[in-house]
Amino acid sequence: MKTSQLLTATLREAPADAEIISHRLMLRAGMIRQLAAGIYTWLPLGLRVLRKVEAVVREEMNHAGGQEIQMSAIQPAELWQESGRWEKYGPELLRINDRHDRQFCFGPTHEEIITDLVRREIRSYKQLPINLYQIQTKFRDEIRPRFGIMRAREFLMKDAYSFHLSDASLQETYQQMHATYSTIFTRLGLNFRAVMADSGNIGGSQSHEFHVLADSGEDQIVFSENSDYAANLEQAEALIPEQSRPPATLAKEMVDTPNQHSIEDLCTFLHIKPEQCLKTLIVKSEDGGLIALVLRGDHELNSIKAEKLAGVMSPLTFADNAQIKPGIGCEVGSIGPVALTIPVYVDHSAGNISDFACGANIDGKHLLGVNWERDLPLPTTVDIRNVCEGDMAVDGSGQLSFARGIEVGHIFQLGTKYSASMKANCLDEQGKAVTLTMGCYGIGVSRVVAAAIEQNHDDKGIVWPLALAPFQLALIPINMHKSVRLREAVMAFYEELRAAGIDVILDDRQERPGVMFADMELIGIPHRFVFSERGLDSGEIEYKARTDTENQNISLATAIQFIQERLA
RNA sequence: CGGGGUGUAGCUCAGCUUGGUAGAGCGCUGCCUUCGGGAGGCAGAGGCCGGAGGUUCGAAUCCUCUCACCCCGACCA
């Protein structure tokens, strides 16, 4: 490809509304343009990268025995009503009516469609297990799209669905998909981590997320330094403290704490440490009442864990002062577990401290020297907090570390969630109808592009891993337009490179060298040849990898072999 | 949906307070010079100042309503 034939659209300045680096660089490099909030046009350069991701994903899915299909983006409401998700999915589901006023939606995911297909086509256990996938545009009407294509409303996703007669068979395919995902992200040149995850909206039991590690990642992931253990923060289990609770040494007393509401304020005011305090959060219960959640002052509530507790309203909803004041007798900021009349859940760590401080349930007053089982009963403790850096991993292998991640893949064991409600079954060896067991496996193909940039860039622009680069090699001639001799040599060399199967972009624009260097670095081409008249005289060409700091001269005669070795 | 913000040239932004012929830099077109790290000069093209109402002799500027987009939170590949 020659730049003169490519819609190059590099920008020196990024549009002001682009915040994160991948979004800015994708705009500046001319990969994408925004059409509406969370909706983008892919320009030739961007599409090339997207296709590279697709190709790797497709190859590995096929290799793992997946069969590619293509389902419709537009889906009839009936199937969603059948699974119960027409109501449940909420406003994120983009609903549309056709001219006959029949209801449809633009598919955010395809469990209903695939289950419908499979229940029609699969009759016998002999056809199982089966793994069907597609690479297709999805639409989710996100409350807040952001970060360019990272969280777009319309995006490209690879979604695979497997069907099984038994749970053992599902386990097998699940493990295989886990391995396949690792291969895919490794081939794409990404630094990633598979973590245990909450299964969220899609439902099901076991689930792993694949995260590309990047500081700008939206997810907090947690991993053990000494084992494979890794989990999403919302899922990471906190261990029950090993040491038993220290004995009580202080007498309970009440102190005035006027206008001290936050744990931080309180600790400064009373000269105590947050880990010696309890914080008591009041949430709504399923029946409209109140429930108290008690945590150590230095710990954070994990809302995913909390809303799974019996009686707690889901989604987790904090009570406001209007409800708390009449129910408890004081406002937020002075609440404590002593003599509370509402149900109380106590976190494991909160139940393991002695001589603690907490709210007195009287405005402007706190209690000091409070002890479980002396001043108040200790209920069975539960895990409702986020783990902290340095906590012991749940597998006992060592301390936990934190990292930021971008979720690019997610695999689920769905079980019979959809197959049961949609009556997808087939006959087993005994001729008995069995409800199919399902797994599903997603990769955010377009998101991978943004994630790769987040992880691979410098102050000059994108630094593509070879597998993702829109071109493998940039060929930059110096002042070609002033020298017929050079022009002919460059063109001949360019044709030779192409004949050798190298994906090369020749910058044949009549630009000054600085402009060409800057553009090729911005769009992140991994390898670069600079061809000049002076090199022509000496029979040499200049080579520089995108990640190199220095040029090196190599013989023109062996240049093709040289680059082929680097592309292998 | 709650909170905050922005809409003026392709991009980045001034102008608005105090109403009076729409601006700069970059980019784009042409010519000349320059030519190994985003060159210089000259000449150009390009705007319903997001939209609709209103106030006024006169509105980018003041008022009202609307639409779009961005940022922070809950959601997710």
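Given the structure is predicted, the values throughout are model-derived calculations rather than measurements. Throughout, a chain's letter reflects where its sequence line sits, starting with A, and its residues are numbered from 1.
- Backbone-only engagement by A:A14 is indicated by non-hydrogen atom pairs under 4.0 Å involving sugar-phosphate atoms exclusively.
- Nearest nucleotide to the A:E13 side chain, out of B:rG37, B:rC11, B:rG73: B:rC11.
- Between A:R144 and B:rC72, a side-chain N or O to OP1/OP2 separation shorter than 4.0 Å is present.
- Nucleotide B:rG20 is matched to B:rC57 when pairs are restricted to Watson-Crick or G-U wobble geometry with both distances under 3.5 angstrom.
- A:Q235 places its CD atom 14 Å from the P atom of B:rC76, with the value rounded to the nearest Å.
- Ring-centre distance between A:Y543 and A:F562: below the 6.0 Å cut-off.
- Each of B:rU12, B:rC71, B:rA39 was ranked by its minimum atom distance to the side chain of A:A16; first place goes to B:rU12.
- In this model, the phosphate group of B:rG73 is approached by a side-chain N or O of A:R146 to a distance below 4.0 Å at OP1 or OP2.
- The aromatic ring of A:F517 does not stack onto the base of B:rG38, failing the criterion of a centre distance under 5.5 Å from the six-membered base ring together with planes under 30° apart.
- Summarising the geometry, the separation between CE on A:M177 and P on B:rA77 is reported as 17 Å, rounded to the nearest angstrom.
- If you check B:rA77, B:rC71, B:rG37 against the side chain of A:F155, the one that comes closest is B:rA77.
- Comparing B:rC75 with B:rG19, their P atoms are spaced 49 Å from each other, to the whole Å.
- A:D219 comes within contact range of at least one nucleobase, with a heavy-atom separation under 4.0 Å.
- At the heavy-atom level, A:G444 lies under 4.0 Å from base atoms of the strands shown.
- Checked against B:rA77, B:rG25, B:rC35, the side chain of A:K482 finds its nearest nucleotide in B:rC35.
- Side-chain contact check for A:C105 versus A:I96: every heavy-atom pair is 4.5 Å or farther apart.
- Inspection of the A:H110 and A:K138 side chains reveals an N or O donor paired with an N or O acceptor under 3.5 Å.
- Closest contact between the side chain of A:R534 and the listed nucleotides B:rC76, B:rC75, B:rG36 involves B:rG36.
- Residue A:V515 is in base contact, counting any heavy-atom pair closer than 4.0 Å across all strands shown.
- Across all strands, A:F147 comes closer than 4.0 Å only to sugar-phosphate atoms, never to a base (heavy-atom distances).
- When heavy atoms are screened at a 4.0 angstrom cut-off, A:S532 is found touching base atoms of the nucleic acid.
- Within the structure, a side-chain polar atom (N or O) of A:R512 is placed less than 4.0 Å from OP1 or OP2 of B:rA39.
- Checking B:rA77, B:rG38, B:rG36 against every side-chain atom of A:N551, the shortest atom distance belongs to B:rG36.
- When distances run from any side-chain atom of A:I143 to the nucleotides B:rG73, B:rA77, B:rC35, the shortest one goes to B:rG73.
- Nearest nucleotide to the A:E218 side chain, out of B:rC75, B:rC72, B:rG36: B:rC75.
- Among the heavy atoms of the strands, none lies under 4.0 Å from A:D159.
- Taking the six-membered ring wherever Trp is involved, the centroid distance between the rings of A:H208 and A:H410 does not fall below 6.0 Å.
- When each of B:rC69, B:rA39, B:rG36 is scored by its nearest atom to the side-chain atoms of A:Q34, the top-ranked nucleotide is B:rC69.
- No N or O donor and acceptor, one from the side chain of A:N479 and one from the base of B:rG36, sit under 3.5 Å apart.
- Side-chain to base pairing of A:E542 with B:rG36: one donor and one acceptor N or O lie within less than 3.5 Å of each other.
- Among the heavy atoms of the strands lying under 4.0 Å from A:G409 are primed sugar atoms or P, OP1, OP2 only; no base atom is included.
- Using a 4.0 Å heavy-atom cutoff across all strands shown, A:R153 reaches no nucleic acid atom at all.
- Rounded to the nearest 0.5 Å, atoms CG (A:N232) and NE2 (A:H211) are 5.0 Å apart.
- Taking atom CG on A:L27 and atom C1' on B:rC11, their separation rounds to 11 Å, with Å as the unit.
- Of all nucleotides listed (B:rC26, B:rC11, B:rC70), B:rC70 comes nearest to the side chain of A:D17.
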